Amino acid sequence: MQRSKIADILREEPVNSEVLVKGWVKAFRNNQFIALNDGSTASNLQVVVDFERFDAATLDRIKFGACISATGTLVESQGKGQKVELKTEVLEILGDCNPDEYPLQPKKQSPEFLRENAHLRFRTNTFSAVFRIRHALAYAIHKFFNDRGFCYLHTPIITASDAEGAGEMFRVTTLSMENPPRTESGEINFKEDFFGKSTNLTVSGQLEAELGALALGAVYTFGPTFRAENSNTTRHLAEFWMIEPEVAFNDLRDNMDLAEDMLRYVINYALEHCADDLKILEDRLTEEEKTKPQDQRSELSLTEKLKFVSENEFIRLTYTEAIDILRNSNPNKKGKFQFPVEGWGTDLQSEHERYLVEKHFKKPVILTNYPAAIKAFYMRQDEPLEGVPGPTVSAMDILFPGIGEIVGGSQREERYDRLVNRMREMHIPEEELYWYLDTRRFGTCPHAGFGLGFERLVLFVTGMTNIRDVIAFPRYPGSAEF
RNA sequence: GCUCCCUUAGCUCAGUCGGUUAGAGCGGCGGACUGUUAAUCCGUAGGUCCAAGGUUCAAGUCCUUGAGGGAGCGCCA
């Protein structure tokens, strides 16, 4: 007999038919009622056993976490709380679960404890919901881009370029660490390394994506990304997944439209397809809010928050306008900011971004046209703008409540001379990036793209608070367990 | 990398001003009940108070150092 998935049974409710289910015991009540979950849905199937028909030794092995198989007739439930239930005829214990040793329990356990037991945390309601939603969001992203004619490009994970300028990198080498080959001047000789040069794990697929975009028109990457920064926050990982679309002939405005459409699309996708899982996370969040002081509680529930983002236009304003708002803001005048907003030209601190998003506008904000001095070499240089004190670039950052920067992107500098000048100013080695510069020498065109931190998106949609809880096995400073 | 906080039973946490025998709920185990919804009721076992050192007549409680964890900041997605 073929196994049925609990998701299918609960959807189709094939009453009076014979079904076989397999799954893990979530609760065994009254020596009669097993709440069975097989991961196909957040909901459990009620498996009813007549304890007089089964031997006590078998019933004794039905513990929280045990894996069982049950065959029987699906009937309308005689109790309240569920529509259908399984009247069990055959029961088999597939895997025992000794409650004395099993770390998980049928009660609320802290995210920190579960993180230390990340190999088992999929089995909790919260984490199974998080990972089903994570899957749905990944699928929605592929669907969004596919439906719009984008080409999914796999950019390399090992790179010889250390000029990407996005932070510290992890070295990839097969050289002996104890006794590496040396050059005559005593430096490590990477000519003898596996690739014949020094290599690292990628910090971004953007530069390669640009190469693709300038032929395929519209491409996106979706792959792992590595940053060896010693970042200890709730929104940084050393290994994370990033989506990087890159589109020929797009300007900054097109770029913002694309990012905004994509975020709305995937959030709506989750609202439409993950209602059960979102309910679990919403209830969890509501409980958590109750423990906070009244003034720190969120006014919106999780789904309300998601709907709010999907139904409202993002606020778009320039860096210069943002500085004006911040300079005249109450917290700045009253000296409440740890970093007072003084002049034009310095980067915004996260307290400033949070003020704009969470207090001033109360919706997602896209900041554009940042000072050139604080942004990357490849961003397109703006023509001097009236009332703006210094040179700016066509950059855009999308800021979300609670998360901060979820997207960072720009229109790219497509003009060869401008790009080379900028690289020289910022000491980016031209020789190493000859292939990047070639796109500007041969048939260059305006184009734009951005990077979306996938885990930050999952963080927002699930309402979790620590990014380490939305990736299965997080990597961060001091931790590469599992 | 910087700042602050935490570490007590399997889990979540309480433990007053340093004071005598270390507390609860959940979970476990034993029993009762048998249409339950994290079932309920009765009983019961369970402790290197993170580690080392120090102060003190006396340390879970105070001090120092270390380990592990969390939050914030910086770096960014």
Side-chain angles (χ1 to χ4, degrees), chain A residues 25-35 43-52 59-60 63-65 75 77-82 85 87 98-117 124-125 164-168 203-206 221-244 259 283 291 337-339 347-354 374-376 397-400 403-409 450-460 465-469 471 476-479 481:
Chain A
V25 174
K26 294 298 223 179
F28 186 29
R29 291 184 288 265
N30 217 357
N31 214 16
Q32 281 184 100
F33 305 103
I34 303 167
S43 307
N44 303 324
L45 178 68
Q46 172 147 293
V47 172
V48 186
V49 293
D50 181 350
F51 54 86
E52 286 172 343
L59 295 178
D60 250 6
K63 300 291 187 190
F64 176 73
V75 297
S77 180
Q78 296 170 46
K80 288 169 187 167
Q82 58 281 314
E85 62 192 19
K87 199 177 161 192
N98 181 350
D100 267 344
E101 294 169 19
Y102 189 45
L104 301 189
Q105 291 179 16
K107 59 173 283 188
K108 189 168 286 178
Q109 286 177 298
S110 71
E112 294 80 19
F113 175 77
L114 294 170
R115 201 175 300 148
E116 285 168 18
N117 292 278
T124 65
N125 294 341
E164 291 167 18
E168 293 295 311
V203 292
S204 165
Q206 179 203 315
T221 74
F222 189 164
T225 310
F226 306 88
R227 305 268 167 97
E229 300 287 346
N230 189 12
S231 296
N232 292 288
T233 78
T234 53
R235 54 188 191 282
H236 288 86
L237 290 165
E239 176 182 289
F240 64 100
W241 290 68
M242 188 154 63
I243 296 107
E244 294 177 292
D283 292 347
T291 67
F337 284 140
Q338 194 192 336
F339 300 93
D347 215 346
L348 299 180
Q349 304 291 323
S350 52
E351 61 177 344
H352 305 145
E353 295 180 349
R354 273 214 311 276
I374 58 171
K375 287 290 180 183
D397 283 0
I398 303 187
L399 310 176
F400 264 32
I403 311 242
E405 186 178 343
I406 194 167
V407 163
F450 61 84
L452 168 78
F454 184 55
E455 282 76 15
R456 289 189 180 175
L457 174 68
V458 182
L459 202 53
F460 181 75
T465 46
N466 192 316
I467 202 163
R468 297 167 186 176
D469 295 331
I471 187 166
Y476 49 94
S479 182
E481 195 65 28

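In what follows, chains carry the letters A, B, and so on, assigned in the order in which the sequence lines appear, proteins first and then strands, with residues in each chain numbered from 1. Since the model is a prediction, treat every value here as computed from it, not as a measurement.
- When the C1' atom is used for both B/C57 and B/A71, the distance is 40 Å, rounded to whole Å.
- Side-chain atoms of A/Gln109 and A/Thr124 form no donor-acceptor pair, as typed in the model, at a separation below 3.5 Å.
- No contact: A/Asn44 has no heavy atom under 4.0 Å from any strand.
- Residue-level contact check: A/Glu405 touches the backbone only, with heavy atoms under 4.0 Å from sugar-phosphate atoms and none from bases.
- Atom CZ of A/Phe64 is separated from atom P of B/U36 by 22 Å (rounded to the nearest Å).
- Taken from CZ in A/Arg456 to CD1 in A/Ile398, the straight-line distance is 13.0 Å, to the nearest 0.5 Å.
- In this structure, A/Lys26 places its NZ atom 18 Å from C1' of B/A39, rounding to the nearest Å.
- A distance of 11.5 Å separates CG of A/Leu237 from CZ of A/Phe226, quoted to the nearest 0.5 Å.
- Here the separation of B/G18 from B/G60, taken at their C1' atoms, is 11 Å to the nearest Å.
- Map A/Pro106 and A/Asn230 each onto its nearest nucleotide of RNA chain B; the residue landing nearer the 5' end is A/Asn230.
- Phosphate contact (OP1/OP2 of B/G35, side-chain N/O of A/Ser77, threshold under 4.0 Å): absent.
- Nucleotide B/A38 holds its P atom 16 Å from the CD1 atom of A/Ile34, rounded to whole Å.
- At the heavy-atom level, A/Pro99 lies under 4.0 Å from the strands shown only through sugar-phosphate atoms.
- The side chain of A/Ala27 has B/A38 as its nearest neighbour among B/A77, B/C73, B/A38.
- The phosphate of B/U36 (OP1 or OP2) has no side-chain N or O of A/Arg29 nearer than 4.0 angstrom.
- Applying the 5.5 angstrom centroid cut-off and the 30 degree plane-angle cut-off, the aromatic ring of A/Phe240 is stacked upon the base of B/A77.
- Side-chain rings of A/Phe337 and A/His352 approach one another, their centers coming within less than 6.0 Å.
- Taking the six-membered ring wherever Trp is involved, the centroid distance between the rings of A/Phe454 and A/Phe240 does not fall below 6.0 Å.
- Of the P atoms belonging to B/G10 and B/G66, the separation is 28 Å, rounded to the nearest Å.
- For A/Asp469, the salt bridge (charged side-chain N to carboxylate O under 4.0 Å, His left out) partners are A/Arg115, A/Arg121, not counting sequence neighbours.
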>> For Watson-Crick and G-U wobble pairs within 3.5 Å on both distances, what is RNA chain B written in dot-bracket notation, | included for inter-strand pairing?
In response: (((((((..((((.....[...)))).(((((.......))))).....(((((..]....))))))))))))....

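- Residue A/Ser231 places no side-chain atom within donor-acceptor reach of the base of B/C76, judged by atom type and a 3.5 Å distance cut-off alone.
- Of the candidate nucleotides B/G1, B/G70, B/C75, B/G70 has the atom nearest to the side chain of A/Arg115.
- At B/C73, one or more side-chain N or O atoms of A/Arg235 fall inside 4.0 Å of OP1 or OP2 (strictly under the cut-off).
- Between A/Asn466 and B/A71 there is a side-chain polar atom (N or O) within less than 4.0 angstrom of OP1 or OP2.
- Applying the salt bridge (charged side-chain N to carboxylate O under 4.0 Å, His left out) test to A/Lys26 and every residue at least two apart in sequence or in another chain returns nothing.
- Of the possible donor and acceptor atoms, none in the side chain of A/Glu353 sits under 3.5 Å from a partner among the backbone N and O of A/Gln349.
- Cation-pi contact between A/Arg468 and A/Tyr476: present, with separation from the ring centre below 6.0 Å and deviation from the ring axis of at most 45°.
- Comparing the P positions of B/C63 and B/U56 gives an interatomic distance of 16 Å, to the nearest angstrom.
- At the phosphate of B/G70, OP1 or OP2 sits under 4.0 Å from a side-chain N or O atom of A/Arg468.
- Counting only heavy atoms from C-beta on, A/Met242 has its side chain closest to B/A77 among B/U36, B/A77, B/C75.
- Of the C1' atoms belonging to B/C6 and B/U12, the separation is 14 Å, rounded to the nearest Å.
- Counting atom types as modelled, A/Glu112 pairs no side-chain N or O with a base atom of B/G69 as donor and acceptor under 3.5 Å.
- For the atom pair A/Leu452 CG and A/Phe222 CZ, the distance stands at 8.0 Å (nearest 0.5 Å).
- The side chain of A/Lys63 has B/C29 as its nearest neighbour among B/C73, B/C29, B/C75.
- For the OP1/OP2 pair of B/A39 and a distance below 4.0 Å, the side-chain nitrogens and oxygens of A/Asn30 include no atom meeting the criterion.
- In this structure, A/Gln46 reaches the bases: a heavy-atom distance under 4.0 Å links it to at least one base atom across the strands shown.
- Between A/Arg354 and B/C73, a side-chain N or O to OP1/OP2 separation shorter than 4.0 Å is present.
- Among the heavy atoms of the strands lying under 4.0 Å from A/Thr233 is at least one base atom, whether or not backbone atoms are also near.
- Across B/G35, B/U34, B/G70, the shortest atom-to-atom separation from the side chain of A/Asn31 is found for B/U34.
- Taking atom C1' in both B/A67 and B/G31, the straight-line distance is 44 Å, to the nearest Å.
- In this structure, A/Trp241 and A/Leu348 both approach RNA chain B, and ranking their closest nucleotides by distance from the 5' end singles out A/Leu348.
- Within the nucleic acid shown, A/Leu237 comes within 4.0 Å of at least one base atom, counting heavy atoms only.
- Listed by chain and number, the residues in a side-chain hydrogen bond (donor to acceptor under 3.5 Å, both in side chains) with A/Asn466 amount to none (sequence neighbours excluded).
- Among the atoms of the strands shown, none is found under 4.0 Å from any heavy atom of A/Gln338.
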> Which letters describe nucleotides 10-15 of chain B, given B = protein heavy atom under 4.0 Å from base, S = only from sugar-phosphate, - = neither?
Replying inline: BBS---

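- Partners of A/Ser77 according to the side-chain hydrogen bond (donor to acceptor under 3.5 Å, both in side chains) rule, which considers only residues two or more places apart in sequence or in another chain, are A/Gln82, A/Glu85.
- Contact annotation for A/Glu85: base contact, defined as any heavy-atom pair under 4.0 Å involving a base atom.
- Nucleotides B/C76 and B/G53 are separated by 42 Å at their C1' atoms, to the nearest Å.
- Among the nucleotides B/U34, B/C75, B/G72, the one closest to any side-chain atom of A/His236 is B/C75.
- Closest contact between the side chain of A/Ile467 and the listed nucleotides B/G70, B/G1, B/A77 involves B/A77.
- Rounded to a whole angstrom, the distance from the P atom of B/A59 to that of B/A38 is 46 Å.
- Atom-to-atom distance recorded for A/Phe400:CZ and A/Ile406:CD1 is 4.5 Å, nearest 0.5 angstrom.
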